[in-house]
S.K.: 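A single structure is presented below for examination.
Small disclaimer: the values here were computed from a predicted structure and weren't measured. A, B, ... follow the sequence lines: proteins, then strands. Residue 1 opens every chain.
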Amino acid sequence: MNLYHHFGEQLTSVLDALRDQGVLPPDADFTRITVEPPRDPSHGDIATNAAMALAKMAKMAPRDLAQKITELLLQLPDIDSAKIAGPGFINITIPPSFWQKIILAAANAEISYGRSELGRGQKVNVEFVSTNPTGPVHVGHCRGAVFGDALANLLDYSGYDVTREYYINDAGAQVDVLARSAYLRYLEALGEDIGEIPDGLYPGDYLKPVGKALADKFGDQFKGQKDAEWLAAFRLFSIVSMMDIIRADLKALNVRFDVFSSERALIEGKVNMVEDTIDDLRSKGLIYEGVLPPPKGKLPDDWDEREQTLFKATEFGDDVDRALIKADGTYTYFAADMAYHRDKYRRSFNKMIDVMGADHSGYVKRMKAAGKALSDGTAELDIKICQLVNLVRNGKPVKMSKRSGSFITLREVVDEVGPDVVRFIMLYRKNDATLEFDFDKVQEQSKDNPVFYVQYAHARIHSVLYRKIPLEMPDLEMASFEPLKQDLSVLTDSGELALVKRLAQYPRIVEQAAKTHEPHRIAFYLYELAADLHTQWNRGTEKPELRFISDGNKKVTGARAVLLLAVAKTLASGLEILGVHPIEEMR
RNA sequence: GGUCCCGUAGCUCAGUUGGAUAGAGCACCAGAUUCCUAAUCUGGGGGUCGCGUGUUCGAAUCACGCCGGGAUCACCA
């Protein structure tokens with residue numbers, strides 16, 4: 001039940017009528033018309049710019065056209081008043097009966113109030129995390145993991161057919177390093193003294209169990225053998241082990257995937273898909289052998305000018321053409337990624353979203369160029385960049401040193417503060433703004449902590465509906481409670497109406513968040529809804545007649561219970577999109 | 001130097017995809033409150049939306065140019 005869609009349709013019917021009357025030209029364009037809440041609530045419930053947007057086409061002054069529109073609007077049901085304001089805005093107010101419908105829509109368990117059919121079942125692929133399978137998930141990937149998961153939830157909630165996908169980068173040099181590191185641990189498990197892990201190999205303890213497992217599996221048959229003997233087997237075994245760890249790490253954060261795609265499989269399958277992709281592009285005239293100009297400004301000291309196989313990325317908006325084959329003859333990461341995106345496209349994903357870290361921002365243009373080239377412009381590829389997260393403890397930034405292996409893992413953070421806190425905080429900021437994660441603040445049980453604040457609102461309602469009401473007003477016990485039979489016309493207090501109006505915004509917020517691929521909008525909305533709830537709760541301490549449980553007044557309490565139910569369900573719905581549990585009591 | 005992101009109240013940040021007098025939290029100031037529907041409440045001050053030009057009925061929002069901060073910059077992933 002989207003208020004603004006409803007009245008948008010009403011408005012369209014009025015405009016159609018005006019077109020039939022000849023007031024508007026037959027080809028009048030309605031696309032610039034908005035139907036939205038006015039910034040200042042005193043202006044009314046709904047505002048439209050229709051008269052201003054159409055004034056030129058109608059060859060009328062905006063206010064004169066507004067007059068014609070309002071006359072027809074006032075003949076419609078569910079419109080109390082329609083007034084012309086300012087340069088030609090039309091401000092509409094709607095009657096209490098309509099607000100009551102919204103409360104019921106939100107309170108009714110049968111309807112998912114915020115869901116929409118925006119996506120119309122369209123397939124969308126959300127690719128995220130996609131970290132190298134060389135160790136546990138680093139805390140730096142936390143944000144992308146949460147963002148991608150929440151975005152997928154959001155799109156699913158908005159009527160898309162969503163696939164969550166992880167691209168395993170198991171074909172580059174790193175996985176060879178992984179295999180060599182595992183080999184050392186294998187020797188260690190066989191009782192050899194391996195000393196310090198040499199520079200350039202992965203030093204982490206997490207490879208010890210892998211070494212042990214390899215020793216159990218292969219015995220000492222590879223001891224002292226050349227790497228050609230064992231490299232491939234060790235690589236495969238290690239990658240599988242690392243993916244087990246990564247999957248478990250992500251699960252701890254309640255992040256889930258539908259599909260794991262392997263980069264190596266693209267190259268080593270029956271058809272070499274990377275080669276196939278390059279052939280494809282070549283037949284479109286988008287591949288050539290050439291020499292790239294060195295980067296402008298400072299020249300890398302080991303700059304080596306040479307001819308390479310290049311993709312004409314500049315034809316699709318990139319700044320330079322991009323290399324596909326490395327000096328050693330293997331494919332670049334980009335070449336494989338093109339093949340991968342072509343694969344997604346061929347799996348009929350016309351809508352793709354890649355979630356990347358800030359360190360990949362330089363990669364966006366070439367990937368978008370690739371998306372256009374591979375789909376002949378028919379695929380929509382959006383790339384979301386998650387900015388850095390700065391960890392803070394005791395008021396000081398947490399320093400991390402990759403070299404010593406003392407990096408902080410996703411698992412450590414989740415174990416310390418819990419998945420709900422990590423998720424909410426990561427989403428309580430726009431994805432392209434840097435974020436501060438303060439271990440002390442995010443665990444604080446006070447209203448300064450937005451996670452606590454929102455969850456507390458939900459718990460408070462639960463306490464009224466499921467603890468207090470059964471004690472004080474057994475007739476309204478939730479098990480047999482019937483929202484439809486309550487008289488909502490008694491909800492007239494300003495704080496109650498504020499809650500209702502906030503509830504009415506929810507479908508619109510979800511829709512905007514889905515359209516812009518910005519789940520943080522949900523988090524901010526939930527904070528505001530929680531604030532309205534807490535405010536009304538607090539007013540009850542001053543004025544007992546405003547308490548949700550009104551002494552001895554079953555009628556009022558019943559109506560307020562419907563409102564609380566609506567607020568709780570909306571909070572739970574939004575939290576569910578964010579992947580945060582709507583807890584029922586504070587511990 | 002190129003590219004991308006950011007710049008909004010003292011601080012941390014929203015800002016309805018171009019709308020009316022730009023918002024919230026913290027901090028600050030002034031009151032209330034020791035009560036319980038547990039983990040305060042109410043009110044207030046505070047702004048050149050980095051700067052400038054342009055686009056139009058209308059700009060924090062769009063375009064271009066500067067300034068400041070961050071990320072990144074053949075071949076890695």
S.K.: Output the single nucleotide from B/C41, B/G15, B/C26 whose closest atom is nearest the side chain of A/D448.
M.R.: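 The answer is B/C26, which lies nearest to the side chain.
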S.K.: With hydrogens left out and only the distance checked, is there a donor-acceptor pair under 3.5 Å joining A/R39's side chain and the base of B/U16?
M.R.: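 Result: at least one qualifying N/O pair found.
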S.K.: Assuming nearest nucleotide by heavy-atom distance, tell me which of A/A433 and A/A327 is located more 5' along RNA chain B.
M.R.: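 It is A/A433, whose closest nucleotide lies nearer the 5' terminus.
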S.K.: May I ask you to verify whether the side chain of A/H520 and the base of B/A14 hold a donor-acceptor pair under 3.5 Å?
M.R.: no
S.K.: Classify the side chain of A/D170 versus the base of B/A77 as yes if they form a donor-acceptor pair under 3.5 Å and no if they do not.
M.R.: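 No.
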S.K.: Looking at B/U37, does its base get a donor-acceptor pair with the side chain of A/R460 below 3.5 Å?
M.R.: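 Answer no: no donor N or O sits under 3.5 Å from an acceptor.
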S.K.: Taking B/A24 as the reference, what is the distance to B/G47 when you measure between their C1' atoms (whole Å, please)?
M.R.: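 Comparing C1' positions in B/G47 and B/A24 gives a spacing of 15 Å.
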S.K.: Answer yes or no: does a side-chain N or O of A/K384 lie under 4.0 Å from OP1 or OP2 of B/C5?
M.R.: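 Negative; the distance criterion is not met.
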S.K.: Write down the distance separating the P atoms in B/G58 and B/G31, rounded off to the nearest Å.
M.R.: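 Their P atoms lie roughly 47 Å apart.
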S.K.: What's the closest nucleotide to the side chain of A/F452 if the choices are B/A39, B/A77, B/U17?
M.R.: B/A39
S.K.: Could you spell out the base pairing of RNA chain B in dot-bracket, with Watson-Crick or G-U pairs whose two distances are under 3.5 Å, [ ] crossing and | to another strand?
M.R.: (((((((..((((.....[...)))).(((((.......))))).....(((((..]....))))))))))))....
S.K.: Going by distance alone, is a donor N or O of one side chain under 3.5 Å from an acceptor N or O of the other, for A/H341 and A/D354?
M.R.: yes
S.K.: Using side-chain hydrogen bond (donor to acceptor under 3.5 Å, both in side chains) as the criterion, list what pairs up with A/Q536, not counting sequence neighbours.
M.R.: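 side-chain hydrogen bond (donor to acceptor under 3.5 Å, both in side chains) list for A/Q536, sorted by chain: A/D493, A/R539.
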S.K.: Is the distance between the ring centroids of A/Y428 and A/F524 under 6.0 Å?
M.R.: yes
S.K.: Listed in order of residue number, which residues of residues 308-317 of chain A have a non-hydrogen atom at under 4.0 Å from RNA chain B?
M.R.: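 Those residues whose heavy atoms fall under 4.0 Å from RNA chain B, taken from residues 308-317 of chain A in numerical order, are A/Q308.
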S.K.: Applying side-chain hydrogen bond (donor to acceptor under 3.5 Å, both in side chains), can you list everything that pairs with A/D440, at least two apart in sequence or on another chain?
M.R.: none
S.K.: Considering only NZ, NE, NH1 and NH2 on the basic side and carboxylate oxygens on the acidic side, decide whether A/E518 and A/K430 come within less than 4.0 Å.
M.R.: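 A salt bridge is absent here (no side-chain N lies under 4.0 Å from a carboxylate O).
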S.K.: Mind checking A/N49 for me? I need base, sugar-phosphate or nothing, with any heavy atom below 4.0 Å counting as a touch.
M.R.: base
S.K.: Quiz question: going by heavy-atom distance under 3.5 Å, is there a donor-acceptor pair between the base of B/A39 and the side chain of A/Y456?
M.R.: yes
S.K.: Please determine if a side-chain N or O atom of A/K447 lies less than 4.0 Å away from the OP1 or OP2 oxygen of B/U40.
M.R.: no
S.K.: Please measure how far the P atom in B/U12 lies from the corresponding atom in B/C57, and state the result in whole Å.
M.R.: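 Straight-line distance between the two P atoms is 39 Å.
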S.K.: Would you indicate what A/P62 reaches in the nucleic acid, counting non-hydrogen atoms under 4.0 angstrom: base, sugar-phosphate, or nothing?
M.R.: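 Here A/P62 touches no strand at all.
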S.K.: Under 3.5 Å, is there a donor-acceptor pair between the A/S81 and A/T93 side chains?
M.R.: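 On atom types as modelled, these side chains qualify, holding a pair under 3.5 Å.
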S.K.: Roughly how far apart, to the nearest Å, are B/C11 and B/C28 at atom P?
M.R.: 15 Å
S.K.: Listed by chain and number, what are the side-chain hydrogen bond (donor to acceptor under 3.5 Å, both in side chains) partners of A/T309, not counting sequence neighbours?
M.R.: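 Scan of A/T309 (side-chain hydrogen bond (donor to acceptor under 3.5 Å, both in side chains), adjacent residues dropped) gives A/E289.
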S.K.: Provide the distance between the two P atoms, one in B/A27 and one in B/U40, to the nearest whole Å.
M.R.: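 Those two atoms are separated by 12 Å.
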S.K.: Return the set of residues passing salt bridge (charged side-chain N to carboxylate O under 4.0 Å, His left out) with A/K515 (not counting sequence neighbours), or none when no residue passes.
M.R.: A/E511
S.K.: Work out how far the P atom of B/U33 is from that of B/U42, and round it to whole angstrom.
M.R.: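 About 15 Å, rounded to a whole number of Å.
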S.K.: For the side chain of A/P38, starting at C-beta, report the closest nucleotide among B/G15, B/U17, B/A20.
M.R.: B/A20
S.K.: Are A/Y456 and A/H534 an aromatic pair by the rule of ring centers under 6.0 Å?
M.R.: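 Ring centres of A/H534 and A/Y456 closer than 6.0 Å.
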S.K.: Tell me whether the NZ or CZ atom of A/R508 lies within the 45° cone about the ring axis of A/Y4 and under 6.0 Å from its centre.
M.R.: yes
S.K.: Can you check the distance between B/A22 and B/A77, where both ends of the measurement are the C1' atom (answer in whole Å)?
M.R.: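 Roughly 43 Å separates the two C1' atoms.
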S.K.: NA contact type, A/Y527, heavy-atom cut-off 4.0 Å: base, sugar-phosphate, or nothing?
M.R.: sugar-phosphate
